[in-house]
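Read through the structure below, which is laid out as structure tokens, and then see the notes.
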Amino acid sequence: MRRPRRSWFPCGMPTAFNLAADLDTALQSAAHAAGLADAAAFAPEVRPADPKHGDYQANGVLGYAKARKLNPRGVAEQLIAALPASVTADYEATIAGPGFINFTLKPAALVAWLRAHDSAEHLAAGAAAAHAGQTWVVDYSSPNTAKQMHVGHLRSAVIGEAICRLLAFTGATVIRDNHLGDWGTQFGKLIYAYKRWADPAALEADAIAELERLYKLGNDATPDGSPELEEAKRELVKLQTGDPENLALWQKFSEVSLAAFQTIYDRLGITFDHNLGESFYNDKLDRVYAELTATTPPIAEVSEGALVVFHPEHPRFKTQPFLIRKADGASNYGSTDLATALYRTEHFKADGIVVVTDFRQGDHFEQLFLTVKKWFAAKGYRLPELHHVTFGAVTGEDGKALKTRDGGTIKLKALLDEAEERAYAIVSEKNAELPEAERRAIAQVVGIGAVQYADLSQNRSSNYVFSWEKMLALDGNTAPYLLYAVTRVHSIFRKLGITPGDAATESAASPLETPAEFALARKLVKFPNALDTALTTLRPHFLCIYLYELAGEFSSFYNAEKVAVDDPAVRARRLQLCARTLLTLETGLHLLGLRTLTRM
RNA sequence: GCGGUGGUAGCUCAGCUGGAUAGAGCAGCGGUUUUCUAAACCGCCGGUCGGGUGUUCGAGUCACCUCCACCGCGCCA
């Protein structure tokens, strides 16, 4: 347990977590205090500033003044004069350019923030305001059963897990739901093949690979119009009507699939709370059809025998139908996704639902969400926030979909294995004196982390070019660079035999002096802004950018200032900066789903 | 045809929802180590932000037009 918060802050007040948000509030009240016309409409727009201008800048004065034909600099002067004492005690505020207000943290306030946010618990407590009391369901990964996970499943899993951790850190109760593709026509063919050609030895050795082989056999053996296809369809009908043998087979397929998936998830640090696949919603579809057709006017209509939803107010979806039941009466993913949205709302009491799939499903989810909104409004159901988090394709260096050399699909297991092997070769080259077992352990963290980080560090909406060389590079915005920064900090504490954040060191720290110390400290207090941006946009790369810049500031600091100096007060303050850097880097990397190291 | 996402330095990418002189890494060139991990740090070089018009104090960011790439658009998910 940590000791209770000290009460000797220079300013006496509890230090806010997100200083920019705090300044924003202060400027709003200053607008009222200064008697600005229409003060309620004034949006300060405080954000982190370029360090050469200060720590934060308020851009909102310009727009506000312009709309009212006022002199922006004059308004800025009024605002600064009306700032509460708590702000003027902590910041230098200046007017710059056409009417920006720049805020520079005074050294004492800077240090007060660093002292207050001295543990992961304190950071989390500060961050928890964003989603406290809310429940969020995150639907990600979602592979098809009876098939191995391949490279196409990577981004959803990695991005989805990072979003889960970010939401949880900011106070939400997060429900991780793996919406498996475990139902559909493919199971008729698979059962057909399984009953004829299943190889018990292969099933024992690698069940999911054998199922994949059988599906291919079944697919090839059942061409359109053939009697074999009719037989496969009969197997499917038997499954759907509850035939015990087929149901048992299907159940077995799901079980071995989940077991195989879990070996991948373990390596990526993912644990699902639920695996509610499409099959789970089979008995919940009739209610969807009934409710969508019983409204006046009906939300869904029959067209060409199928049940569809049109959205007349939408330029495209007024003619492009959202298909929610096929003409033969069978369900499709429109049906199950509607039932899923309802279940998550009613059963999990979701305040927000996030679905992480590739961008090609954009139309589907736009239609789905439009339909859900109308449906829930008609029935008086509470509507959660609905987010479709999309991402681009993973491509090879040629810009085309990533394939093996012979054109096959790259299995996720093979990809992670290769990442670890490559990392092992690098660690062995750089640090040959470490014992092999440790090099293996390091290679796991670095290799898997490199794959995760490469995926997360790029804006998710663009395609991402897969490159072993780039993701495993020690320069640039990569996992190895960040992990290395972490180990350098650990190394300092290890050499000195000191625990990061220990009370004796913390209290012995003298005021910051050098440019490198200030630059690092000023970067540290911006962590909340990075969190905030990553969360409000559901784009983890904003956190990556911040961590990369922080690691860069640390490396510069490390290079410019020796930490283990003789002067105990100087040493203590630099150790304090090291401890906070470590805390922030490790907290941030863990939020992204990466593990960290003390040596590499 | 309609729509989505991209197009920023030779290459790979940022650019925080309209702010200050557009930033990183790689590649290229030049420096830094009797000092806590040099897997690092510092400097130089490199840009008509695909093109055009517009909106305004201000546009890589917004609107319209246009070119290119990838993708989606009735019974796969």
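In what follows, every chain begins at residue 1, and chains take the letters A, B, ... in the order their sequences are listed.
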So does [X] get a side-chain nitrogen or oxygen closer than 4.0 Å to the phosphate oxygens (OP1/OP2) of [N]?
X: A/K326; N: B/C76; answer: yes
X: A/R316; N: B/G72; answer: no
X: A/R488; N: B/A38; answer: yes
X: A/T536; N: B/C16; answer: no
X: A/R360; N: B/C73; answer: no
X: A/T390; N: B/C71; answer: no

Side chain of [X] only, heavy atoms from C-beta on: which candidate in [options] is closest?
X: A/V465; options: B/A39, B/G19, B/U12; answer: B/U12
X: A/A306; options: B/A40, B/A20, B/C75; answer: B/C75
X: A/S555; options: B/A39, B/C41, B/C73; answer: B/C41
X: A/Q57; options: B/G19, B/U12, B/A39; answer: B/G19
X: A/Y548; options: B/C71, B/A24, B/A14; answer: B/A24
X: A/N459; options: B/G15, B/A20, B/C76; answer: B/G15
X: A/V563; options: B/C73, B/C36, B/C16; answer: B/C36
X: A/A564; options: B/C36, B/C71, B/G74; answer: B/C36
X: A/K430; options: B/C41, B/A39, B/A38; answer: B/A39

(request) Nearest-nucleotide wise, let me know which of A/R539 and A/V565 is further upstream toward the 5' end of RNA chain B. (result)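 So the residue in question is A/R539.
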(request) Write down the partner of B/G43 under the Watson-Crick or G-U wobble criteria, each distance required to be under 3.5 Å. (result)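 Looking at the geometry, B/G43 pairs with B/C29.
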(request) Please give the nucleotide sitting opposite B/U53 as a Watson-Crick or G-U wobble pair, both distances under 3.5 Å, or none. (result)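 Paired with B/A63.
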(request) Using the six-membered ring of A/Y464, assess whether NZ or CZ of A/R155 lies under 6.0 Å from its centre and within 45 degrees of the ring axis. (result)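 The answer is no, since A/R155 fails at least one limit relative to A/Y464.
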(message) Would A/R488 pass as a cation-pi partner of A/F554, given that its NZ or CZ must be under 6.0 Å from the six-membered ring centre and within 45 degrees of the axis?
(response)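 No, cation not above the ring by the 6.0 Å, 45° rule.
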(request) Can you tell me, in whole Å, how much space there is between the C1' of B/A69 and that of B/G51? (result)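 To the nearest whole Å, 16 Å.
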(request) Please determine, by modelled atom types, if A/T505 and A/D502 share a side-chain donor-acceptor pair under 3.5 angstrom. (result)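 Looking only at side-chain atoms, A/D502 and A/T505 do form a donor-acceptor pair, the distance falling under 3.5 Å.
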(request) Determine yes or no for a side-chain-to-main-chain donor-acceptor pair under 3.5 angstrom, with A/Q367 supplying the side chain and A/Q320 the backbone. (result)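 Here the side-chain-to-backbone pair exists.
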(request) Enter syn or anti for the glycosidic conformation of B/U17, syn applying to angles within 90° of 0. (result)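 B/U17: syn.
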(request) Kindly say whether the aromatic ring centers of A/Y548 and A/Y481 come within a distance under 6.0 Å. (result)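 A/Y548 vs A/Y481: aromatic centres under 6.0 Å.
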(request) Would you please indicate yes or no on a ring centroid separation below 6.0 angstrom for A/F369 and A/H387? (result)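 No.
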(request) Describe the nucleic acid contact of A/Q186 in one word from base, sugar-phosphate, nothing, applying a heavy-atom distance below 4.0 Å. (result)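 The residue A/Q186 makes no contact with any strand.
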(message) Applying the 5.5 Å / 30° rule, does A/H541 stack onto the base of B/A14?
(response)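 No.
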(request) Look at the side chain of A/D50 and the base of B/A22, then say whether one donor and one acceptor between them are separated by less than 3.5 Å. (result)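 Absent.
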